[in-house]
Q: 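Got a structure for you, questions after.
Computed from a prediction, not measured in an experiment: that's the story for all the values here.
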Amino acid sequence: MVNFLWDNLFRKDKRDQDLLTLLKENVIFSLLSPPEINFVKELVHIRTYRPSESVFRQGEAGVGMYIIAKGAVDVFIEDLQSDDPDKRMVFITRLTSGDFFGELSLVEDKDRRTATVISSDETTLVGFFRPDLTELIQRNPSTGLKIFIQLSHVLGKRLKETTQKVSELKKELKRLSETR
C-alpha cells in the first residue's frame with residue numbers, strides 16, 4: 001500500500017528533470033530561459049523504439065527533429081545505383097544519447113528525408129515537430145526567434161562541414177584520376 005500522505009509532492013519527477021536537462025543541453029534550445037524550456041517540454045513528444053525499428057526512411061516526408069534521450073540510432077543512405085539489394089543501404093554513422101537529427105524538417109516545408117534512421121537498440125527519442133514550432137511561435141514569438149537563431153547556426157555549421165567534405169572528395173578524385 002502506498003502512503004501518499006508521506007510522499008514528497010514537491011519533488012519533481014526524475015523523467016521530467018531528465019527531459020529538462022536534455023532540452024537545456026541541446027544547442028537548439030540553449031538560449032532559452034527556464035520558463036521557455038518548461039514551455040517547450042510541454043510541446044515535445046517522447047517515444048521508445050525497439051531495436052532495428054525504423055524512425056524514418058529516406059524519401060519520406062520530414063516533419064521534425066529528434067533528440068536521443070537514451071540508446072542509439074544508425075543512419076543509412078540508400079545507394080540506388082547498387083544492383084545488389086543487400087548492399088543498397090550504406091551505413092553513415094551511429095548517433096547516441098544527446099545527439100539530434102532531422103532538424104532541417106523544422107524549416108523546409110516540403111522536406112524529404114535524406115537518410116534512413118533505424119534504432120540500434122532500445123532507444124528513447126524526443127520529437128520536436130514543425131507544428132510544435134508553429135504553435136510555439138504563435139504563442140511566444142521571442143522564444144521561437146531564439147530557436148530559429150540556434151537552428152540557423154546548426155544548419156550553417158552542417159552546410160560548412162558538408163561543403164568541406166565535398167571539396168576534399170573532389171580533390172581526392174582529381175588526384176586519383178591524374179595518377180591513372
Q: Mind jotting down which residue pairs meet the side chain to side chain donor-acceptor pair (under 3.5 Å) criterion with at least one end in residues 109-118? Sequence neighbours excluded, please.
A: S105-D111, S105-R113

Q: Do L20 and Q17 make a side-chain contact, defined as non-hydrogen atoms from C-beta onward lying under 4.5 Å apart?
A: yes

Q: What residues form a side-chain contact (heavy atoms from CB on, under 4.5 Å) with S152, not counting sequence neighbours?
A: none

Q: Restricting to non-hydrogen atoms, name the atom on D121 and the atom on T123 that form the minimum distance, rounded to 0.1 Å.
A: O-OG1, 2.7 Å

Q: Filter on side chain to side chain donor-acceptor pair (under 3.5 Å), then keep only pairs touching residues 90-102, sequence neighbours left out; what's left?
A: D74-R94

Q: List in chain and number order the residues that pass ring-ring contact (aromatic ring centres under 6.0 Å, His included) with F76, two or more places apart in sequence or in another chain; answer none if no residue qualifies.
A: F91

Q: Please name all residues satisfying side-chain contact (heavy atoms from CB on, under 4.5 Å) with E53, sequence neighbours left out, ordered by chain then number.
A: R47, Y49, R50, S119

Q: Running the 4.5 Å side-chain criterion over Ile, Leu, Val, Met, Phe, Trp and Tyr, what cluster does L159 land in, apart from itself?
A: none

Q: Using every non-hydrogen atom in the two residues, find where A69 and V126 come nearest and quote the distance to one decimal.
A: CB-CG2, 4.2 Å

Q: Kindly compute the distance separating NZ (K24) from CG (L19), expressed to the nearest 0.5 Å.
A: 10.5 Å

Q: For I77, which residues count as a side-chain contact (heavy atoms from CB on, under 4.5 Å) partner, sequence neighbours excluded?
A: Q58, V90, I92, A115

Q: Can you tell me which residue pairs pass the side chain to side chain donor-acceptor pair (under 3.5 Å) test with a partner in residues 25-34, sequence neighbours excluded?
A: S30-Q150, S33-E36

Q: Sequence neighbours left out, what passes side-chain contact (heavy atoms from CB on, under 4.5 Å) with E172? Give chain and number order.
A: R175, L176

Q: Testing the basics here: between S177 and K174, what is the closest heavy-atom pair and its distance to 0.1 Å?
A: OG-O, 2.9 Å

Q: Suppose we screen for salt bridge (Lys or Arg N to Asp or Glu O under 4.0 Å). Which residues come up paired with K41, at least two apart in sequence or across chains?
A: D16

Q: Would you mind listing the cluster partners of L145? Hydrophobic ones only (ILVMFWY), side-chain contacts under 4.5 Å, chaining allowed.
A: L31, I149

Q: Side chains of D132 and V44: does their closest heavy-atom pair fall under 4.5 Å?
A: no

Q: Measure centre to centre between the rings of F29 and F128, then say whether the value is under 6.0 Å.
A: yes

Q: Go through the structure and list residues passing salt bridge (Lys or Arg N to Asp or Glu O under 4.0 Å) with E78, not counting sequence neighbours.
A: none

